[in-house]
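We name chains A, B, ... by the order of the sequence lines, and we start the count at 1 in each one.
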2 protein chains.
Amino acid sequence: MAAVGRTRARRGDGDLLRGELLRVAEELLVEAGDSSGVTLRGVAERAGVTTPSVYLHFADKAALVDAVCLSVWHRLGRRMDEAAADAPDPFDGLRRRGMAYVRFGLDHPVHYRVLMMQPPQPAATGGAAAVAARDCFAHLLDAVAACVRVGVFRGEPEPLALSLWAAVHGATSLLISKPNFPWPDDLDGFVDGCVRMAGMGAAVLSRLAVGEHLPHAHRLAGELDTLVAGLAWSSDEPTTDENGELA
Amino acid sequence: MAAVGRTRARRGDGDLLRGELLRVAEELLVEAGDSSGVTLRGVAERAGVTTPSVYLHFADKAALVDAVCLSVWHRLGRRMDEAAADAPDPFDGLRRRGMAYVRFGLDHPVHYRVLMMQPPQPAATGGAAAVAARDCFAHLLDAVAACVRVGVFRGEPEPLALSLWAAVHGATSLLISKPNFPWPDDLDGFVDGCVRMAGMGAAVLSRLAVGEHLPHAHRLAGELDTLVAGLAWSSDEPTTDENGELA
DNA sequence: TGTACATCAGTGAACGCGCGTTCACTGATGTAC
DNA sequence: TGTACATCAGTGAACGCGCGTTCACTGATGTAC
C-alpha cells in the first residue's frame with residue numbers, strides 16, 4: 001500500500017502522526033456516528049499511512065477512540081464555567097451550566113454517546129468513560145454546593161447533584177437517541193424548560209423530608225399558585241455574584 | 001451440524017421454533033448485555049437448530065432482536081398503569097408511573113438500551129425503537145393530561161410530558177450506563193427523588209411564562225420556604241380518585 | 001571531513017476470526033385420489 | 001386401504017467480507033568516532 005499524501009516524519013517528530021491520527025479518527029467518528037464505524041484501516045488510510053502505524057502511537061483501537069473523545073471532553077468544564085460567568089446568582093449559574101452541558105452534548109453527540117451512553121467496558125476502555133463521568137459530575141456538584149450555601153437548596157449537595165445530572169443527561173441523551181421524535185420546534189426553549197424544571201424541582205424537594213407525602217392535587221395546585229404569585233413581585237433586592245456575595 | 005436436543009416440528013407447528021428462538025435470543029441478549037453480542041449462530045445453536053433456520057422465521061438479525069425487545073416492552077404500559085392504580089390523585093399517579101418506568105428500565109437494561117439508547121437505525125430496525133418511544137411517551141402524556149385537568153399542571157401537556165420523559169429517561173439510562181458510579185445506597189429512594197424532583201419542577205414551571213426571570217436566589221429561597229411550610233399543614237381535604245373526581 | 005552504526009518512523013504481507021447471508025438440498029408428514 | 005405427490009421444517013456447505021492485530025522488514029536520519 002502506497003502511503004499517499006504524507007511524507008514520513010523526521011526523527012523525533014513521531015508525535016506529529018499521533019496528532020494527525022487523532023484528527024482523522026475524530027473526523028471518521030463524526031461521519032460514522034458510532035465508534036464501531038471507526039476502523040483502524042480507515043483511519044490509517046485517511047492519514048496516508050499504513051494500518052500498523054497506528055500501533056506506534058496507540059495501544060489499540062479502544063485507546064484511540066478514548067483519546068479522541070476525551071480530547072473534546074476537556075472543553076466541557078470550561079464551557080460550563082464560561083456559560084455561568086455572568087450569572088446573577090448561583091441558582092442561575094447552575095441553570096446556565098445545565099444548558100451548557102446539554103448544548104455540549106448535542107454539539108458532540110458521538111463523543112457523548114461513547115463516553116456517557118455506552119455500557120462500561122471491561123478493561124482500560126472504561127477508564128475514559130469513568131473519567132468523563134466523574135469530571136462532569138464534579139462540575140455540577142460544585143454548582144449545587146454554591147446553591148446550598150446561598151440557601152436556594154437545603155441539605156446534602158451530592159444527591160441533589162446526582163438527580164440534576166440525571167435530568168440534564170436525560171434531555172441530552174434522549175435528543176441524541178431519538179432525533180426523529182417530534183420535539184418542539186423551539187429546541188433551545190425546550191431544553192431550557194427541562195433544565196429549569198430540574199432546578200426548581202430540586203429546590204422544592206430539598207426542603208421536603210424523604211418520602212414526605214404531599215397534599216392532594218387540588219390543594220397542591222393552590223399552594224403552587226400562591227408560590228408563583230409570590231415570585232412575580234420580585235427583583236429589587238441586592239444583587240449578589242455567583243458566590244452569593246453582595247456585589 | 002447435528003441438531004442436538006430438538007426434534008423437528010410437525011407440519012403446521014413451524015411457529016413453535018419462532019417462539020423458541022425468541023426465548024433463546026432474549027437469554028443471549030441478557031447474557032451478552034448488548035445486541036452485538038447476540039449471534040444468529042449462537043441463537044440457532046442454543047435452540048438446537050442450524051443457523052439458516054432462523055431465516056424461516058425472521059427476515060434478518062435486526063428483526064429478531066427487535067422482536068425480542070418489543071415483546072418485553074409491551075409490559076411497560078401495563079406496569080405503569082398497575083403502579084398508578086391506587087394513587088390518591090393524578091399527580092401521585094404520575095409519580096408512580098415514573099417510578100414504574102425507571103424500575104422497568106432497570107429490570108430490562110439491555111432491552112432498554114436497544115430500544116431507547118441506540119442511534120436510530122436507517123432501515124426497518126428503527127421501527128421498533130420508534131414504536132417503543134411513541135408508546136411510553138403516550139403513557140406519560142395521558143398521565144400529564146390528567147394532572148392538567150386537575151390543575152396541578154397548567155398549560156399544554158405535550159412539552160411537560162416531554163420534559164418529564166427526559167427526566168425519567170435520564171435516571172434510567174444513567175444508572176444503566178454508569179453502574180459503577182458511586183450512587184446512593186438507597187437506590188430506590190434516589191430514583192424516587194429524581195421522579196419527584198421532575199414532577200414538582202414541572203408543576204412550578206408550568207405556572208411560569210417561558211423564560212420568565214426568577215427573583216434572586218436569596219429571595220427565591222424565602223419564597224420556597226413559605227411554599228413548603230404551606231404544604232406541611234395539608235391532607236384533610238376531600239379525596240379524589242386518579243381522574244380528579246370526588247370519591 | 002568521512003564513515004560505520006544505532007535509532008526511529010513506518011511498511012507489507014499475512015493470520016485468524018466470526019460474522020450475516022445464500023442456495024441447493026433432504027426427508028418426514030399430511031393429503032388427494 | 002394403498003400410493004403418488006405436494007408441502008413444509010429444517011439441513012449442510014459455502015461465500016465473501018472486514019476486522020484487529022502481529023511480525024519480520026526497510027530505509028532515511030542523525031550521531032559517535
Side-chain angles (χ1 to χ4, degrees), chain A residues 1-25 28-29 31-32 34-68 114 121-125, chain B residues 1-25 28-29 31-32 34-68 114 121-125:
Chain A
M1 182 187 301
V4 171
R6 185 178 170 85
T7 57
R8 166 214 208 97
R10 319 195 35 154
R11 251 170 107 177
D13 289 344
D15 276 358
L16 291 181
L17 179 55
R18 187 191 147 89
E20 179 72 2
L21 289 173
L22 280 175
R23 205 184 59 74
V24 165
L28 286 171
L29 188 63
E31 287 172 21
D34 179 29
S35 75
S36 78
V38 174
T39 284
L40 292 190
R41 283 172 160 80
V43 170
E45 186 186 7
R46 188 171 293 193
V49 122
T50 56
T51 311
S53 300
V54 178
Y55 288 89
L56 295 174
H57 298 99
F58 299 95
D60 53 21
K61 182 189 171 180
L64 172 62
V65 173
D66 274 8
V68 167
V114 170
Q121 300 321 94
T125 309
Chain B
M1 182 188 300
V4 172
R6 184 176 173 84
T7 57
R8 168 210 206 99
R10 320 198 30 154
R11 251 168 106 176
D13 288 345
D15 276 358
L16 291 181
L17 179 56
R18 186 190 148 90
E20 179 70 2
L21 290 172
L22 280 175
R23 204 185 59 74
V24 165
L28 285 172
L29 188 63
E31 287 172 21
D34 179 29
S35 75
S36 78
V38 175
T39 286
L40 292 191
R41 285 172 159 81
V43 170
E45 185 186 7
R46 189 171 293 192
V49 122
T50 57
T51 311
S53 301
V54 178
Y55 288 90
L56 296 174
H57 299 100
F58 299 95
D60 52 19
K61 181 190 171 179
L64 171 61
V65 172
D66 274 8
V68 167
V114 170
Q121 300 322 94
T125 309

Go through the structure and list residues passing side-chain hydrogen bond (donor to acceptor under 3.5 Å, both in side chains) with [X], not counting sequence neighbours.
X: A:S53; value: A:T50
X: B:D34; value: B:S36
X: B:R46; value: B:E27, B:E31

Atom pair distance, as rounded to whole Å: CG in B:L56 and P in D:dT7
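Rounding to the nearest Å, CG of B:L56 and P of D:dT7 are 17 Å apart.
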Nearest whole angstrom, please: distance from the C1' of C:dC8 to the CG of A:D15.
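Going from A:D15 (CG) to C:dC8 (C1'), I get 12 Å.
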Mapping A:A9 and B:L17 onto DNA chain D by nearest heavy atom, which one lands closer to the 5' end?
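Going by which nucleotide is closer to the 5' end, it is B:L17.
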Secondary-structure notation, DNA chain D, from Watson-Crick and G-U pairs under 3.5 angstrom (| other strand):
.||||||||||||||||||||||||||||||||
The criterion is side chain to side chain contact (heavy atoms under 4.5 Å, CB included); which residues satisfy it with B:V114, sequence neighbours excluded?
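B:V114 satisfies side chain to side chain contact (heavy atoms under 4.5 Å, CB included) with B:S35, B:V65, B:C69 only.
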Counting primed atoms plus P, OP1 and OP2 as sugar-phosphate and everything else as base, spell out the protein contacts along nucleotides 15-28 of chain C at 4.0 Å heavy-atom distance: B, S or - for each nucleotide, 5' to 3'.
----BBBBB---B-
Inter-residue atom distance A:L16.CG - A:R8.CZ, 0.5 Å rounding:
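Going from the CG atom of A:L16 to the CZ atom of A:R8 covers 13.0 Å.
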Got a second to check how far A:T39's OG1 is from A:L28's CG, nearest 0.5 Å?
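The distance works out to 8.0 Å.
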Under 4.0 Å between a side-chain N or O of B:S53 and OP1 or OP2 of D:dG10?
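B:S53 to D:dG10 OP1/OP2: no side-chain N or O under 4.0 Å.
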